[in-house]
Structure formats: structure tokens, C-alpha cells
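This report concerns only the one structure given below.
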Amino acid sequence: MSNKIKIATTSLAGCFGCHMSFLDIDERITALAEVVEFDRSPLTDIEHCGPCDIGLIEGGVCNSENVHVLREFRKNCKVLVAVGACAINGGLPALRNFVSVEACLLEAYRDGIGVDNPQIPNDPELPLLLDKVHPIHEIVKVDYFMPGCPPSADVFWTFLSALIEGREPSLPYELVHYD
Ligand code: SF4
């Protein structure tokens with residue numbers, strides 16, 4: 001059995017920008033691949049999160065599927081990290097919390113400029129929107145918060161290096177930003 005550190009990642013109500021920033025570690029990813037194995041992630045083809053050492057969550061929680069996936073990660077990951085502004089405080093998508101879900105749906109699917117064949121999607125396979133967008137710590141316990149929109153590649157590197165080596169992650173002042 002592999003003794004590599006297992007990492008799972010996902011994007012909930014995120015934009016994939018945090019994942020893109022993670023990939024900005026560039027050639028350092030080869031060093032990472034020496035010690036790490038990816039479980040469920042947009043970078044792999046694995047559908048469900050199995051037992052993992054570290055779970056990286058991008059995005060807040062905006063629909064029922066997000067809740068389900070987040071709980072699956074929490075159940076399976078020893079350490080869960082809120083990655084980026086959306087996971088930490090809801091981020092820009094949480095601006096929709098100032099209007100009702102109904103108003104959002106009507107604007108997007110019925111009344112918005114350029115809407116053709118107006119109808120609100122209601123296929124039972126579609127996850128239902130929650131009333132509000134939530135930061136992930138309102139749904140599950142979070143062990144660490146990685147700030148930034150997105151966190152820079154150096155933040156990812158600093159954080160992951162510490163977690164992999166069993167050290168407490170801490171960021172130098174110049175890497176701490178929320179934008
Ligand atoms: S924190 Fe920023 S980059 Fe990351 S998912 Fe949210 S909007 Fe995208």
C-alpha cells in the first residue's frame with residue numbers, strides 16, 4: 001500500500017480559480033507528486049472522496065449537492081481546509097444573500113436581458129439552491145483557513161508543505177491577503 005499523503009480537493013460554489021492558483025505552483029508539482037497522491041479532485045477521475053489525510057475545499061455552499069459533498073469530505077478527511085474567500089466567508093457569490101432565491105431565479109431564467117424560452121429549470125436531478133450561500137464552517141468543522149481570492153501559489157505551497165511535514169501551518173505577513 002502506498003504511504004503517500006492522500007489529498008482530496010473539490011470546488012463547491014467556487015469558480016475553480018483556487019484550483020488554478022494551486023496549479024500555479026508550476027514545477028513544484030513534481031516534488032509534490034513524490035509525496036502526495038490525489039483522491040477525489042477535479043484533477044482526477046475519482047467520483048467519491050475516500051479516506052484522506054487532507055481535504056481542500058474551494059467555494060462556499062449554495063445548494064443541496066454542496067452540502068452532501070462537503071459532509072462526505074469532512075467524514076473522510078483527517079484535516080479539512082477552507083481554501084479561499086468563498087469557502088471562508090461565502091465570497092462574492094454570497095452577494096446573492098441580499099436578494100431572495102426566487103428573485104435570482106426569475107432574473108436569470110425568466111426576466112433577464114436576452115433570456116430565450118423563459119422557464120425555471122425544475123428537473124429533479126438538479127440540486128436545489130439553498131436560501132443563502134454559506135461559508136463551509138457553518139456546515140462542518142474546519143481545521144484551517146487558507147485566505148485569498150485566490151490564495152497564491154506560494155500560500156498553497158507553504159500550507160501544504162507544513163501539513164505534509166506534520167508542522168502547524170503559518171503564513172508570513174506578506175502572504176496573508178484576502179483579495
Ligand atoms: S476564492 Fe476567489 S478564486 Fe477561489 S473560488 Fe472563490 S472567487 Fe474563485
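Please read all numbers here as calculations on a predicted model, not as lab measurements. Remember, it's 1-based here, ligands and their atoms both numbered in the order they're listed.
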Short list, please: which atoms of ligand 1 are under 4.0 Å from a heavy atom of [X]?
{"X": "Pro150", "result": "3 (S)"}
{"X": "Gly17", "result": "3 (S)"}
{"X": "Cys18", "result": "1 (S), 3 (S), 4 (Fe), 5 (S)"}
{"X": "Glu58", "result": "5 (S)"}

Heavy atoms only: give me the nearest [X]-[Y] pair and the separation to one decimal.
{"X": "Leu163", "Y": "Pro169", "answer": "CD2-CG, 3.7 Å"}
{"X": "Pro151", "Y": "Val155", "answer": "CB-CG1, 3.8 Å"}
{"X": "Leu171", "Y": "Pro147", "answer": "CD1-CD, 3.9 Å"}

Tell me, which protein residue and heavy-atom name are nearest [atom], and how many Å apart are they?
{"atom": "atom 6 (Fe) of ligand 1", "answer": "Cys86 SG, 2.3 Å"}
{"atom": "atom 1 (S) of ligand 1", "answer": "Ala85 N, 3.3 Å"}
{"atom": "atom 2 (Fe) of ligand 1", "answer": "Cys149 SG, 2.3 Å"}

Using distance alone, with no hydrogens and no angle criterion, decide if Thr9 and His19 have a side-chain donor and acceptor under 3.5 Å apart.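 There is such a pair (donor and acceptor under 3.5 Å, judged by atom type) between the side chains of Thr9 and His19.
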
Quick check on atom 4 (Fe) of ligand 1: does Cys15 put an N/O/S atom closer than 2.8 Å to it?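 No, since none of the N, O or S atoms of Cys15 sits under 2.8 Å from atom 4 (Fe) of ligand 1.
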
Any ion pair linking [Y] and [X] (charged N to carboxylate O, less than 4.0 Å)?
{"X": "Arg28", "Y": "Asp26", "result": "no"}
{"X": "Glu72", "Y": "Arg40", "result": "yes"}
{"X": "Lys6", "Y": "Asp53", "result": "no"}

Judged by non-hydrogen atoms, does Gly59 sit under 4.0 Å from ligand 1?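 Flag not set, Gly59 not near ligand 1.
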
